There are 2 protein chains.
Amino acid sequence: MLSIGKLSGLTGVKVPTIRYYEQIGLLPKPERNEGGQRIYNNTSRERLNFIRHARELGFPLEDIRELLALSDSPDQSCDAIAKRQLAEVEHRLVRLNALYKELERMVAQCTCGTVQTCRVIQVLGDHGLCVADHQKIMSHDIDQ
Amino acid sequence: MLSIGKLSGLTGVKVPTIRYYEQIGLLPKPERNEGGQRIYNNTSRERLNFIRHARELGFPLEDIRELLALSDSPDQSCDAIAKRQLAEVEHRLVRLNALYKELERMVAQCTCGTVQTCRVIQVLGDHGLCVADHQKIMSHDIDQ
DNA sequence: CCTTGAACCTCTAGTTACTAGAGGATGTAG
DNA sequence: CTACATCCTCTAGTAACTAGAGGTTCAAGG
């Protein structure tokens with residue numbers, strides 16, 4: 001019922017991206033018409049919508065693949081991923097706010113056209129704003 | 001004073017990534033010792049810390065390059081850059097806040113722990129939860 | 001019915017921001 | 001002075017697209 005272009009328009013996912021998702025097996029291979037063009041239905045649309053939303057929330061494709069698999073056979077816990085993402089987003093919000101305030105201050109200060117003191121680096125470089133010990137996340141891999 | 005490995009350990013940025021940042025000109029070329037190995041100081045460390053935090057906030061390297069330039073020459077006329085970055089950061093904050101709320105709702109609805117009653121897929125697939133009109137963002141580019 | 005142009009097809013290559021590995025030189029601890 | 005960790009350069013691989021070439025199919029107007 002839906003051409004790839006229509007599907008793209010309805011979901012906001014670009015045409016080449018849809019084909020890419022098919023290629024990597026995130027979307028099932030759709031049927032084709034006489035001329036070999038892809039035809040989609042509402043199921044594909046829902047699935048693609050889900051993928052788009054999840055991507056916007058910062059889920060990597062592998063997590064999405066996992067969630068889709070889970071929804072296909074729902075017997076496992078799956079909110080752990082969402083919780084992890086929630087913590088991550090919260091973490092980002094804190095630091096983005098700090099940078100925002102510093103930029104705001106700079107803009108307010110430099111109406112004359114120059115910036116006297118720029119503390120952008122300090123604001124983000126400051127270890128006090130590190131939420132957690134990054135050693136735990138970015139661990140132990142020195143070189144190779 | 002600092003070997004690349006020490007710098008890596010202190011900042012949480014992997015050794016090959018540090019070399020990569022140098023290669024693309026985000027970090028200045030450091031001095032070398034007799035044997036040709038890189039030696040760093042605390043300035044490099046601050047700069048690298050800044051880069052790491054900004055990257056974690058999702059800034060592309062080109063924006064970071066601009067922010068670094070801003071802090072390098074605070075006497076230049078650069079409020080235009082600061083203002084543009086401010087707008088960018090503001091936009092990010094708005095979006096991130098929206099995503100945060102959506103995730104929060106997801107997690108709240110998903111305390112059961114199993115997909116049977118977990119609505120992650122539905123919540124994300126639901127069109128009613130679109131943050132904004134995606135047509136405006138993901139616009140008009142059908143194919144090429 | 002025929003043309004024309006938009007939308008489709010496959011395939012390859014480019015992008016960003018890394019990451020991994022080969023193959024070899026250097027630095028340091030016992 | 002010998003191991004062996006860490007360093008060096010270089011090339012190639014990864015994720016998640018994006019762009020382009022070169023060609024086919026569909027649908028609207030004449």
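Sequence lines set the chain letters: A, B, ... in the order given, protein chains first and strands last, and positions in each chain run from 1. None of the values given here were measured: they were computed from a predicted structure.
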Can you check nucleotides 14-17 of chain C for protein contacts, nitrogen or oxygen pairs under 3.5 Å, and list what you find?
from	atom 1	to	atom 2	distance (Å)
dA17(C)	OP1	Leu61(B)	N	3.0
dA17(C)	O3'	Arg55(B)	NH2	3.4

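- Atom NZ in Lys29(A) sits about 9 Å away from atom P in dT10(C), given to the nearest Å.
- Regarding Arg32(B), its CZ atom lies at a distance of 6 Å from the P atom of dC8(D), rounded to whole Å.
- Cluster annotation: Ile39(A) and Leu10(A) are assigned to distinct hydrophobic clusters (Ile/Leu/Val/Met/Phe/Trp/Tyr, side-chain heavy-atom contacts under 4.5 Å, transitive).
- Regarding Lys6(A), its NZ atom lies at a distance of 10 Å from the P atom of dA7(C), rounded to whole Å.
- Rounded to whole Å, atom C1' of dC26(D) lies 15 Å from atom CD1 of Ile4(A).
- With rounding to whole Å, Leu2(A) atom CG is found 16 Å from dA7(C) atom P.
- Within the 4.0 Å cut-off from OP1 or OP2 of dT19(C), at least one side-chain nitrogen or oxygen of Thr17(B) is found.
- In this structure, Glu22(B) atom CD and dC18(C) atom C1' are separated by 16 Å, rounded to whole Å.
- For Glu22(B), the side chain to side chain contact (heavy atoms under 4.5 Å, CB included) test picks out Lys29(B), Pro30(B), Arg32(B), Arg38(B), Tyr40(B), with sequence neighbours left out.
- Between Lys14(B) atom NZ and dT6(D) atom C1' there is a gap of 17 Å when expressed in whole angstrom units.
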Got a list of protein N/O to nucleotides 11-14 of chain D N/O distances below 3.5 Å?
none

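- When the side chain to side chain contact (heavy atoms under 4.5 Å, CB included) test is applied to Asn97(A), the partners found at least two apart in sequence or on another chain are Lys101(A), Leu93(B).
- Residue Ser3(B) places no side-chain N or O under 4.0 Å from the OP1 or OP2 atom of dG27(C).
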Walk me through it: do Leu7(A) and Val15(A) pass the test side chain to side chain contact (heavy atoms under 4.5 Å, CB included)?
CA-CA 8 Å; Leu7(A) 183 65; Val15(A) 168; over 6 Å; no

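- Applying the side chain to side chain contact (heavy atoms under 4.5 Å, CB included) rule to Ser3(B) yields the partners Lys6(B); only residues at least two apart in sequence or on another chain are considered.
- Every residue meeting the salt bridge (charged side-chain N to carboxylate O under 4.0 Å, His left out) condition with Glu62(B), not counting sequence neighbours, appears here in chain and number order: Arg65(B).
- Annotation: side chain of Arg45(B) is in contact with side chain of Asn42(B) (closest heavy-atom distance under 4.5 Å).
- Rounded to an integer number of Å, the gap from Glu31(A) CD to dC9(C) P is 14 Å.
- Scanning residues 33-41 of chain A for heavy-atom distances under 4.0 Å to DNA chain C yields Gly36(A), Gln37(A), Arg38(A).
- In terms of the side-chain hydrogen bond (donor to acceptor under 3.5 Å, both in side chains) criterion, Glu31(A) has no residue partners (sequence neighbours excluded).
- Applying the side-chain hydrogen bond (donor to acceptor under 3.5 Å, both in side chains) rule to Ser44(A) yields the partners Asn41(A); only residues at least two apart in sequence or on another chain are considered.
- Listed by chain and number, the residues in a side chain to side chain contact (heavy atoms under 4.5 Å, CB included) with Tyr20(B) are Ile24(B), Leu61(B) (sequence neighbours excluded).
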Show your working on side chain to side chain contact (heavy atoms under 4.5 Å, CB included) between Val13(B) and Ser8(B) and close with a plain yes or no.
CA-CA 5 Å; Val13(B) 178; Ser8(B) 170; 5.7 Å; no

